Amino acid sequence: MFSAFALIDCNNFYASCERVFDPSLKGRPIVILSNNDGCVIARSGEAKELNIPMGIPEFKVRPLIKKHNIAVRSSNYALYGDMSSRVIETLRTITSDIEVYSIDEAFAGIHARTENELRQIGFEMRMKVYMCTGIPVSVGIAPTKTLAKIANECAKSHESLKGILHVKNREIIKRMLKATSVSNVWGIGKNYSTMLERNGIQSALQLSEMPDNWVRKKMKVTGLRTVLELRGEPCLDIEESMVHRKGILSSRSFGSPVTSLADLKEAISSFTERASEKLRAQNSVVSTLTVGLVTNKYDDPLMPYKFGKTVNLPNPTASTLSLTKTASHCVEELYDPSKVYKKGLVMLTGLLLQSEVQRDLFDEEIYQNRDHKLMECLDGLNAKYGRKTIHSASTGIDQSWQMKQQYLSKRYTTRWDELMVVRV
DNA sequence: TCTGGGGTCCTAGGACCC
DNA sequence: TCTGGGGTCCTAGGACCC
């Protein structure tokens, strides 16, 4: 029996999603902007070729966009999220051993009787996902996750490989690592690659040949794991369920600068509502809430621009009502009328499973008793009739702080009223 | 004019305990 | 001059990912 790790990665995922529903975009360069239409966060192959950098503010490439008639879209997470689940569902028909790693990537454990069959499985994944969803994917297959990541990169960048690379023996692995720069290794970020290059280490192969204790000292245990994986020794396994997150963050830049306390409270209420929905979705309660307000960090780089307040909750809860109240108090304490706010955030940490919570001896109106049923009812209605059917009045009506989404495409797969129209 | 939004893991150091 | 020794828990911050 032969086993290996496969990494399945959607090619230019956001751009590909837009293309599935708008064929006029085929062959045309596309960029997708971050929330609030701030930065470029995804590009089609054509846009990459035009040297539009990842993460660049949109206004800096506006001339280029005009010049090359580049299509621009706001992030449409309703669409991308749904397409992502369809890709995963398709993969699950091939193997159940799947770890959803991000919105556009999944690891799979694959097993076969021959080496050749492993590669066949990769082909099947690629074909089937494209047929069922219209999304092109690349597949890298290798003895460890870290090597599968690199194999995937190669599969994507070398046309002759037709979107799939299976590295099975030492020779091929060595060749691949020699051609991979250390900064492109999964787990090696900007800081480590600068440090490594200072020490004369440029390729992934060189890194894999460094002594264990040196790596351990310079890059901690996580770095050592990466190196072992490069040598073909698996340290990371497929993690099938990541159901319970350890922290929940809900934050947004405002569509336009906010100065009034009332607007801030609305915005923070709205973020709190969203965060507590996520909290209840994983059957947890929270014991620590942090509210943050952010001003423009580019105004004066020497001045503080982040202001936060953290509250430990005596009774862990998942009630939107009680969390919103606490968050509002935090805003009142943080608020400075002389400041112009750009962004707000709500962070929930110290999450506990609801079933594990210790009840407070003296508090009779704890979450389990009172708000729990109300929240259940509210979540039920929103699940049935769509998000925000019922929501807290404290989140405001006109929501002038809402983010900009000037170039949003339709939610083709999740809204009846936004279905694609086909002419006959 | 204009600069994203989520997450994870690990470690060092302080607080506190006996 | 000199100030125990061994733990645990928590938090902040740094590193990374997409």
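Sequence lines set the chain letters: A, B, ... in the order given, protein chains first and strands last, and positions in each chain run from 1. The model shown is predicted, which means the values in this text are computed figures rather than measured ones.
In this structure a side-chain-to-backbone donor-acceptor pair under 3.5 Å is missing from A:S328 to A:K325. Checking side-chain atoms of A:T320 against main-chain N and O of A:S276 turns up no donor-acceptor pair under 3.5 Å. The backbone N or O of A:C235 lies less than 3.5 Å from no partner atom in the side chain of A:R225, so there is not a single donor-acceptor pair. Within the 3.5 Å criterion, the main-chain N or O of A:L7 finds a donor-acceptor partner in the side chain of A:N152. Not one N or O on the side chain of A:R280 forms a donor-acceptor pair closer than 3.5 Å with the backbone of A:E376. A:N12 contributes no side-chain N or O that, together with a main-chain N or O of A:A15, makes up a donor-acceptor pair within less than 3.5 Å.
Residue-environment remark: NZ (A:K410) stays at or below the threshold of 12 foreign heavy atoms within 6.0 Å. Within 6.0 Å of the CZ atom in A:R175, the count of heavy atoms belonging to other residues, nucleotides or ligands does not exceed 12.
Within the cation-pi definition used here (under 6.0 Å to the ring centroid, within 45° of the axis), A:K339 qualifies as a partner of A:F307.
Summarising the geometry, the separation between OH on A:Y14 and P on B:dG4 is reported as 15 Å, rounded to the nearest angstrom. In this structure, A:L249 places its CG atom 11 Å from C1' of B:dG4, rounding to the nearest Å. Counting to the nearest Å, the P atom of C:dC18 and the CG atom of A:N152 are 11 Å from each other.
An OP1 or OP2 oxygen of B:dG6 is reached within less than 4.0 angstrom by a side-chain nitrogen or oxygen of A:S251. Taking 4.0 angstrom as the limit, A:R245 places none of its side-chain polar atoms (N or O) nearer than this to OP1 or OP2 of B:dG6.
Taking the side-chain contact (heavy atoms from CB on, under 4.5 Å) definition, one finds that A:N191 meets it with nothing, sequence neighbours left out. Scanning for side chain to side chain donor-acceptor pair (under 3.5 Å) contacts around A:T349 gives an empty result, with sequence neighbours left out. Under the rule for a side-chain contact (heavy atoms from CB on, under 4.5 Å), the partners of A:T146 that lie at least two apart in sequence or sit in another chain are A:T144, A:V185, A:W186, A:T226, A:E229, A:L230, A:L236. The side-chain contact (heavy atoms from CB on, under 4.5 Å) search around A:M127 returns none, not counting sequence neighbours. Under the side-chain contact (heavy atoms from CB on, under 4.5 Å) criterion, A:S181 pairs with A:S183, A:N184, not counting sequence neighbours.
Between A:Y14 and A:Y80, the ring planes are parallel. Angles under 30° get that label, and only those over 60° would be called perpendicular.
Of the residues in residues 261-271 of chain A, none lies under 4.0 Å from DNA chain B by heavy-atom distance. Within residues 33-66 of chain A, the residues that have a heavy atom under 4.0 Å from DNA chain B are, in order of number, A:S34, A:N35, A:G38, A:C39, A:P57, A:F59, A:R62. Residues of residues 76-91 of chain A having a heavy atom closer than 4.0 Å to DNA chain B: none are found. A heavy atom lying under 4.0 Å from DNA chain B marks the following residues of residues 334-348 of chain A, by number: A:K342, A:K343. Of the residues in residues 190-203 of chain A, those with a non-hydrogen atom less than 4.0 angstrom from any atom of DNA chain C are A:K190, A:N191, A:Y192.
Looking only at side-chain heavy atoms (C-beta outward), A:N11 and A:K156 come within less than 4.5 Å of each other.
A:I103 comes within contact range of no nucleotide atom at all, as no heavy-atom separation falls under 4.0 Å.
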- Item | Check against salt bridge (charged side-chain N to carboxylate O under 4.0 Å, His left out), A:K145 and A:E99 | CA-CA 11 Å; A:K145 281 175 146 182; A:E99 171 185 344; 2.7 Å; yes
- Query: Is there a salt bridge (charged side-chain N to carboxylate O under 4.0 Å, His left out) between A:R73 and A:D37 once you walk through the steps?
  - Reply: CA-CA 8 Å; A:R73 294 287 178 274; A:D37 293 343; over 6 Å; no
- Query: So A:R86 and A:D82, salt bridge (charged side-chain N to carboxylate O under 4.0 Å, His left out) or not? Walk me through it.
  - Reply: CA-CA 6 Å; A:R86 289 168 192 237; A:D82 186 63; 2.9 Å; yes
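As rounded to the nearest Å, C:dG4 and B:dC16 have C1' atoms that lie 16 Å from one another.
Of the two residues near DNA chain B, A:P257 and A:K278, the one whose nearest nucleotide lies more 5' is A:P257.
In this structure, A:K306 NZ and A:L345 CG are separated by 8.5 Å, a value rounded to the nearest 0.5 Å.
Just one of A:D237, A:V100, A:I238, A:I8 meets the side chain to side chain contact (heavy atoms under 4.5 Å, CB included) condition when paired with A:F107; it is A:I238.
In DNA chain B, the stems built from three or more successive Watson-Crick or G-U pairs (distances below 3.5 Å) are B:5-18 with C:5-18.
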I'd like a list of close polar pairs between nucleotides 10-17 of chain B and the protein, N/O only, cut-off under 3.5 Å.
residue : atom : partner : partner atom : Å
B:dC10  : OP1  : A:R225  : NH2          : 2.6

